[in-house]
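What follows is a set of notes on a single structure, which appears directly below.
Counting from 1, the numbers follow the sequence of the chain as shown. Just so it is clear, the values below take in all heavy atoms, side chains as well, and ignore hydrogens, waters and symmetry mates. We count ligands from 1, going down the list as the structure has it; atoms in each ligand are counted the same way.
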Amino acid sequence: MISKKILFLVFILIFLLLSNVSLSFPKNFSPHINSLNKRNDIKVYNLTITKKNLAPDGFTREMFVINNQFPGPLIEVNKGDTLVLNVNNDFDDVTTIHSHGIFQRGTPWYDGFPGQTQCDIQSKKSFTYEFQVNQSGTYWYHSHSKAQYIEGIVGPLIAHDPDDPYLKNKDYDEEIVVLIQDWYHTDSKILIATFLSPVSAGNEPTPDNGLINGKNSYNCSGAPAGSDCVSDAPLAKFTFVQGKKYRMRIINTSAFAEFIFSIDEHPMDVIEVEGMITQRHTIHRLPINIAQRYSVIVTADKPIGKYWMRSEMETACFANQSDTLNPLVKAVVEYEGSDGSDNPNSTAWTDSQATCIDLDISNLKPYEVQTIPDADYKLTLNVSFQPDDKNVTRGYINNSTYVLDSKSPTLLKVYKNITTFNPNQNAYIIDKDKVVDIILFNNDTGDHPFHLHGHVFWVLGIGINGTSPDYNSVNSKDPIQRDTVTVPAGGWFIVRFVSNNPGVWAFHCHMEWHVQSGLVIQFVTQPDKIKELKSPENWYNLCKY
Ligand code: C2O
């Protein structure tokens, strides 16, 4: 007999499908295993962006919400689906949406980088992004305009793969999405104005707090007098059923902070790095930099009770320290059947973990053997921070700081047959299918998480301060692929990618303050092939206003 409960769930599911509403997040964020079974489907999401006064951590400030929620709705597709994002800009400024990690093969105009791939979506206007997702894994979407994502225009994007080996092998029963991020109490327009003025001397704004799935508490004694602030706001809560195995998809959506993530007394097996399925690798504490993602399998095999989830902000990487910031962000993992409202008294892992550096790539191995092509072309990039002629410290790549020109996107210029770009556009043209190595040197005292749009790259090697790259010692045999990698302070990395995706692709430090200060370049890939792709009407229309 079909129980009432199942009928009710089916009813809810039909309602959600018909109304095109995603499961609300974080309220019902408890994920579901590969819930979308149809292949080559079209998944439509409406994203209406507005401003609202909210208090994710008890401190009320004006921020953004998508469909009235923060973080934004969970977007799910199956590999092969077409994703349609109807974006309604219902606030008083321009915006864009970038689907972070999605290749946009054949649809480079929907990559969402203002000034590179599109004109702005004007206030009170709508724009539809429509593209195929031929990938699987853990991604996210965010505004690429004006530091808006760090104020709420952000959400998870999960691409399921019915053929995922860990899924097929029943290595996990359910999925859980965990967004971790830093959080500021001051409007980012003010923070940017200060940062991009001589007074900052290039020192980035320090976060006020951190959040897990949009929640944390804050000790209001640290808040300025007169603020609307309530201490002890509720923490995020995750429910485990004893005996079940969970695939946790962890996404760092910060402006500036890297974290070390862990769950007390529960080891984690890494199985995915940014879309690449890896061999199992057991760890206790996971370092994760901005824009990086990992899937880990966690087994709920401990006594019924409550355990802390910890997201420790690595303040050692900050230029400025704060005495009101509590760097330990917590959430509660509660086994079904545990009683009482007491806090967990679980024991934290104590394994030492180097800070301001990625999880050691030498321990991460692809699940499937790949053949790594040789490089045809090596591009050396030097990162530095220098004062400009107004004495504002800006980010430079090969001695050039990027200036955003949102009215005249590079991709549009390509269609107009323009092939020379202002030097401040930091445009690198790659004409043919090529295998490109980026050898990046960091002359700065901070680390930087670099993200490449439109591709993944093999991480051949990462070196700390005092070492230098050496092709004889890097891994070109079985490296992992990802789309965001950290260059240590004073260090270097070598990454390799196949440049066969016609379009305009940003490569930038994902610390939002550094995007604002020009630590950005763009690859103009195969301009001739770009022109063979038919760019859509709605995209041209964005530039006519
Ligand atoms: Cu998360 Cu330029 O991207």
Side-chain angles (χ1 to χ4, degrees), residues 47 64 66 71-72 75 85 87 95-104 108-118 120 129 131 133 135 137-159 179-182 188 249-258 273-275 288-294 381 383 395 397 402-404 406 409-411 425-428 438 440 448-457 482-486 495 497 501 503-525:
L47 305 175
F64 294 102
I66 305 177
I75 292 180
L85 301 177
V87 178
T95 195
T96 50
I97 293 288
H98 166 57
S99 297
H100 181 119
I102 303 300
F103 298 152
Q104 302 290 0
W109 40 80
Y110 290 141
D111 191 47
F113 197 126
Q116 295 194 6
T117 66
Q118 70 167 97
D120 294 322
Y129 296 87
F131 50 88
V133 180
Q135 307 162 243
T138 306
Y139 303 92
W140 58 302
Y141 61 93
H142 60 82
S143 164
H144 221 301
S145 304
K146 302 185 172 187
Q148 292 167 344
Y149 88 77
I150 70 166
E151 304 188 300
I153 309 185
V154 63
L157 195 172
I158 307 301
L179 300 192
I180 60 179
Q181 65 175 110
D182 52 19
S188 63
R249 299 176 179 267
I250 303 148
I251 310 173
N252 182 347
T253 66
S254 292
F256 186 51
E258 41 216 292
V273 180
E274 290 152 27
I288 179 168
N289 208 338
I290 303 146
Q292 294 185 326
R293 292 93 60 210
Y294 291 95
L381 299 177
V383 168
I397 295 183
Y402 175 78
V403 177
L404 184 125
S406 64
T410 311
L411 192 58
Q425 288 305 291
N426 287 359
Y428 293 75
I438 298 176
L440 183 138
H448 300 279
F450 269 89
H451 167 50
L452 176 61
H453 286 224
H455 308 76
V456 281
F457 42 65
R482 64 189 317 169
D483 61 48
T484 309
V485 67
T486 303
V495 296
F497 66 100
N501 189 4
V504 172
W505 308 112
F507 179 67
H508 63 90
C509 171
H510 214 293
M511 288 174 172
E512 185 55 31
W513 313 121
H514 299 163
V515 176
Q516 300 298 327
S517 75
L519 207 53
V520 176
I521 66 170
Q522 52 186 327
F523 290 107
V524 182
T525 306

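For the side chain to side chain donor-acceptor pair (under 3.5 Å) with Tyr129, the qualifying choice from Gln118, Gln104, His98 is Gln118, the only one to do so. When each of Thr253, Asp483, Asn252 is checked for a side-chain contact (heavy atoms from CB on, under 4.5 Å) with Arg293, only Asp483 meets the rule.
Because the distance cut-off is set at 2.8 Å, His100 fails to qualify as a neighbour of atom 2 (Cu) of ligand 1, as none of its N, O or S atoms comes that close. Coordination check, His510 versus atom 2 (Cu) of ligand 1: failed, since every N/O/S atom of the residue sits at 2.8 Å or beyond. Metal site remark for atom 2 (Cu) of ligand 1: His144 contributes an N, O or S atom at a distance under 2.8 Å. Taking backbone and side chain together, His98 holds no N, O or S atom under 2.8 Å from atom 1 (Cu) of ligand 1.
No other N/O/S atom of His508 lies as close to atom 2 (Cu) of ligand 1 as NE2 does. Distances from atom 2 (Cu) of ligand 1 to the N/O/S atoms of His453 are shortest for NE2.
Two rings, from Phe450 and Phe457, have their centers 6.0 Å or more apart.
Ring planes of His144 and His508: perpendicular class, angle over 60° (limits at 30 and 60°).
Between the CZ atom in Phe131 and the CD1 atom in Ile102 there is a gap of 6.0 Å [rounded to 0.5 Å].
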